[in-house]
Structures are given as C-alpha cells and as structure tokens.
Chemist: 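Below is one structure. I have some questions about it.
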Amino acid sequence: ETGVTQSPTHLIKTRGQQVTLRCSSQSGHNTVSWYQQALGQGPQFIFQYYREEENGRGNFPPRFSGLQFPNYSSELNVNALELDDSALYLCASSPDSTNEKLFFGSGTQLSVL
Amino acid sequence: RKEVEQDPGPFNVPEGATVAFNCTYSNSASQSFFWYRQDCRKEPKLLMSVYSSGNEDGRFTAQLNRASQYISLLIRDSKLSDSATYLCVVNGDWDTGRRALTFGSGTRLQVQP
C-alpha cells in the first residue's frame with residue numbers, strides 16, 4: 001500500500017453537476033498531483049500542489065480546480081460536468097516537487113451520465 | 001504528435017519468453033524517465049527508473065537513448081504475474097517550469113501459461 005487514500009472510490013453524476021474528490025497524501029509528503037485517466041489511455045496531468053500552492057497545470061479548463069490543505073491533503077473540484085469527464089481520477093503524492101518518486105492512490109472512478 | 005508514444009499491444013507471449021517494449025518521447029529537454037506498471041483497474045506503480053547507462057532489476061532491464069529519444073524495457077523469463085499494462089513516463093522540462101510526469105498510453109502484456 002502506498003499510504004495515499006482517495007475518496008470516494010466510485011461516483012455517478014449527471015451532466016452539469018459539480019463534484020469534489022478527496023485525497024490524503026502519504027505522511028511526510030508535501031506535494032500532491034492529480035491525473036485523469038480515460039479508458040485505454042495513460043494518466044493525463046491535471047495540476048500539482050506544493051505546500052498549498054498550485055505550481056503546475058496541464059491542459060485542462062478552469063472548471064477543474066483544486067486545493068491543498070495545511071496537512072497536505074487535497075481536493076479536486078470539477079464544475080459543469082461533461083460526459084467526457086468520465087474517467088479514473090488519480091491522486092499522487094511525492095516527498096518533493098521533483099516527482100522523482102510518485103505514489104498513487106487507487107483512484108476515484110467518475111461516471112457522468 | 002504525442003509527447004510519449006508507445007505501441008499499445010497487446011503483446012501475447014508464453015511463460016518464459018523474453019519481451020521488449022519501446023517508447024519514444026518528443027521533448028529533448030526531458031530530464032527523467034521511468035517505467036510504471038498498471039494492473040487492470042488499479043493505480044500505476046513505479047517499476048523502475050531509466051538511466052542513460054542502462055539499469056537492471058532482476059528480470060527487468062531498462063535502456064535510454066537520449067540521442068534517439070528512445071526508451072526500452074526488456075523482460076526476461078516472463079511470468080504470469082507480469083501480465084499488466086506498462087507505462088512509459090517522462091518527467092517534464094524544468095526550464096519551462098513544467099514539473100509533471102507525461103505518461104504514454106501504455107503497452108499491454110498478456111503472459112500465457
């Protein structure tokens with residue numbers, strides 16, 4: 001086990017709704033990244049938080065937003081859900097922002113109907 | 001052109017076979033390279049880092065050719081438990097501030113008894 005926990009494990013939403021996914025990073029890790037993995041694809045980088053500040057973002061629209069808390073846990077928020085947002089959302093924690101060692105949680109499977 | 005390209009497979013091989021996966025990347029300024037393993041419906045896990053000098057971990061050997069922007073993974077004496085998707089991963093270009101891992105779409109391996 002990586003020590004990275006995500007909740008919920010599965011979620012079903014309808015188009016237009018909003019969703020919040022949560023992640024608890026491994027003890028001692030100050031960096032959290034979020035990835036979206038569509039079926040049959042590799043994970044795609046959404047954004048990264050280092051010590052509560054966003055310090056990198058992939059090609060995702062502003063309706064994808066996040067937070068990192070003082071205990072380094074994190075949230076991913078997605079507004080105005082679209083059908084194409086259906087995917088596995090993976091959180092990964094790292095002891096620093098270099099991403100040389102990345103530990104993934106087991107993910108949240110989001111289905112948008 | 002995708003930043004990281006892999007043959008999607010599947011590669012169907014008998015137990016005991018040797019199998020090789022290849023990967024190319026487009027960003028010549030990439031600094032770090034990895035192979036991750038992902039089992040069906042599970043999170044990716046780091047298999048090994050890849051160094052210019054080549055590195056070996058038991059039955060697994062990884063090679064990096066910076067001039068050709070090419071990464072390989074060799075698995076010897078395949079086991080049934082090696083069946084998984086293997087993701088080629090490249091770390092971002094530090095000069096532009098990108099600090100994220102870019103994943104290929106993965107190569108699926110199925111080892112047959």
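Lettering follows sequence order; numbering is per chain, from 1.
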Chemist: For A/F60, what residues pass the ring pair (Phe, Tyr, Trp, His ring centres under 6.0 Å) criterion, not counting sequence neighbours?
Modeler: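 Residues passing ring pair (Phe, Tyr, Trp, His ring centres under 6.0 Å) with A/F60: A/F64.
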Chemist: Chain A: which of B/G104, B/S105, B/S49 shares the most heavy-atom pairs with it under 4.5 Å?
Modeler: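 Heavy-atom pairs under 4.5 Å are most numerous for B/S105.
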Chemist: Give every residue pair that meets the ring-ring contact (aromatic ring centres under 6.0 Å, His included) criterion with at least one member in residues 43-91 of chain B, sequence neighbours excluded.
Modeler: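 Non-adjacent pairs meeting ring-ring contact (aromatic ring centres under 6.0 Å, His included): B/F21-B/Y86.
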Chemist: Distance from B/L46 atom CG to A/F103 atom CZ, nearest 0.5 Å?
Modeler: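 Answer for the CG-CZ pair, B/L46 versus A/F103, is 8.0 Å.
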Chemist: Check whether A/I46 and A/V112 end up in the same hydrophobic cluster, where Ile, Leu, Val, Met, Phe, Trp and Tyr are linked by side-chain heavy atoms less than 4.5 Å apart.
Modeler: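 Yes, A/I46 and A/V112 fall within the same hydrophobic cluster.
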Chemist: So for atom CG, which belongs to B/L80, do other residues, nucleotides or ligands contribute more than 12 heavy atoms lying within a distance under 6.0 Å?
Modeler: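 Yes, enclosed.
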Chemist: Any donor-acceptor pair under 3.5 Å linking the side-chain atoms of A/Q37 with those of B/Q38?
Modeler: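 Yes.
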Chemist: What pair of heavy atoms forms the shortest contact from B/L87 to A/P43, and how long is it?
Modeler: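 That would be CD1-CD, 4.2 Å.
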Chemist: Under the side-chain contact (heavy atoms from CB on, under 4.5 Å) criterion, do A/L102 and B/Y36 qualify, and how do the steps go?
Modeler: CA-CA 10 Å; A/L102 212 60; B/Y36 275 70; 3.3 Å; yes
Chemist: Return yes when atom CZ of B/R108 has more than 12 non-hydrogen atoms of other residues, nucleotides or ligands closer than 6.0 Å, and no otherwise.
Modeler: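 Incorrect, the count does not exceed 12.
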